[in-house]
Amino acid sequence: MRGGRAPAFLLGGGAALFLSLLWMPALLPVVSRLLLLPRALLSMASGSPPSQPSPASGSAYAAGSVSAAFVTCPNEKVAKEIARAVVEKHLAACVNLIPQITSIYEWKGKIEEDSEVLMMIKTRSSLVPALTDFVRSVHPYEVAEVIALPVEQGNSPYLHWVRQVTGSVPESGTAPP
């Protein structure tokens with residue numbers, strides 16, 4: 001997406017992109033481990049009904065209070081700069097970088113293909129608007145891809161850690177300076 005191009009499929013919904021990643025054999029182990037994907041999403045992809053969460057470690061996780069956001073970057077340098085900044089600003093607890101993805105999309109009537117780096121960002125769902133605003137302000141693309149999916153279930157201590165690390169940011173929807 002060099003030069004600020006946004007894939008047309010994003011206009012139809014980012015979930016399709018995310019689900020397509022699940023079927024890529026090389027990424028499946030990485031995606032499922034790093035994201036702690038909710039079972040509901042995986043069961044939706046397989047057609048089986050979702051299982052009910054069981055509270056762990058004494059306190060129940062509020063489903064959807066943490067999100068996994070996805071941002072594509074033109075190269076590793078840009079991705080690392082943005083990742084470090086969102087963690088330093090407590091807009092994210094953790095950012096995973098997946099190098100060498102290939103994006104194929106339509107931009108201005110032409111089919112494009114680019115090598116990019118995918119960022120998987122774990123944050124509070126209430127911070128997604130501030131995260132989006134910040135990414136848009138520093139991203140080199142004219143239309144930056146920022147999509148987020150709520151985490152319905154996962155490792156409770158990890159999800160509580162995400163909330164704790166990002167808890168010092170006001171949830172007003174604006175990024176700190």
Side-chain angles (χ1 to χ4, degrees), residues 9-24 27-73 79-80 82-98 101 117-139 144-177:
F9 65 84
L10 288 180
L11 301 176
L17 167 65
F18 181 72
L19 289 175
S20 69
L21 286 175
L22 292 177
W23 299 113
M24 296 176 73
L27 289 181
L28 182 57
V30 174
V31 172
S32 62
R33 269 196 328 255
L34 297 178
L35 269 184
L36 300 172
L37 292 174
R39 288 185 183 175
L41 184 58
L42 290 174
S43 64
M44 181 175 67
S46 68
S48 62
S51 60
Q52 293 301 315
S54 57
S57 71
S59 63
Y61 166 70
S65 62
V66 169
S67 284
F70 301 88
V71 174
T72 51
C73 293
K80 282 184 177 180
I82 294 173
R84 183 167 298 281
V86 298
V87 171
E88 286 173 352
K89 293 178 179 298
H90 297 278
L91 289 171
C94 177
V95 180
N96 303 109
L97 304 180
I98 301 176
I101 65 164
V117 175
L118 178 65
M119 299 171 62
M120 294 189 304
I121 304 168
K122 277 70 76 181
T123 188
R124 286 179 180 249
S125 295
S126 59
L127 293 177
V128 170
L131 174 70
T132 301
D133 289 345
F134 177 76
V135 169
R136 289 178 62 199
S137 74
V138 297
H139 204 286
E145 173 183 3
V146 183
I147 57 175
L149 297 170
V151 175
E152 295 300 316
Q153 300 177 47
N155 179 13
S156 187
Y158 179 82
L159 298 171
H160 285 288
W161 172 77
V162 170
R163 292 183 52 75
Q164 178 187 8
V165 169
T166 58
S168 64
V169 177
E171 298 183 358
S172 64
T174 58

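Please read all numbers here as calculations on a predicted model, not as lab measurements.
Shown here are the side chain to side chain donor-acceptor pair (under 3.5 Å) partners of Ser125, two or more places apart in sequence or in another chain: Ser67.
Taking every heavy atom of both residues into account, Cys94 and Tyr158 meet most closely at CB-OH, 3.9 Å. When all heavy atoms of Val66 and Leu159 are compared, the closest pair comes out as CG2-O, 3.8 Å. Closest heavy-atom contact between Ala144 and His139: CB-CG, 3.7 Å. Taking each heavy atom of Ala83 and Val95 in turn, the nearest pair found is CB-CG1, 3.6 Å. Among all heavy-atom pairs drawn from Ala92 and Thr166, the shortest one is C-CG2, 3.6 Å.
The backbone N or O of Val165 sits less than 3.5 Å from a side-chain atom of His90, completing a donor-acceptor pair. For Thr123 (side chain) and Leu91 (main-chain N/O), a donor-acceptor pair under 3.5 Å exists by modelled atom type.
Between Val162 and Arg124, the closest side-chain pair of non-hydrogen atoms is not below 4.5 Å.
Put simply, the residue from Leu97, Ile98, Val146 that forms a side chain to side chain contact (heavy atoms under 4.5 Å, CB included) with Met119 is Leu97.
How far CG of Leu131 is from OG of Ser126: 11.0 Å, rounded to the nearest 0.5 Å.
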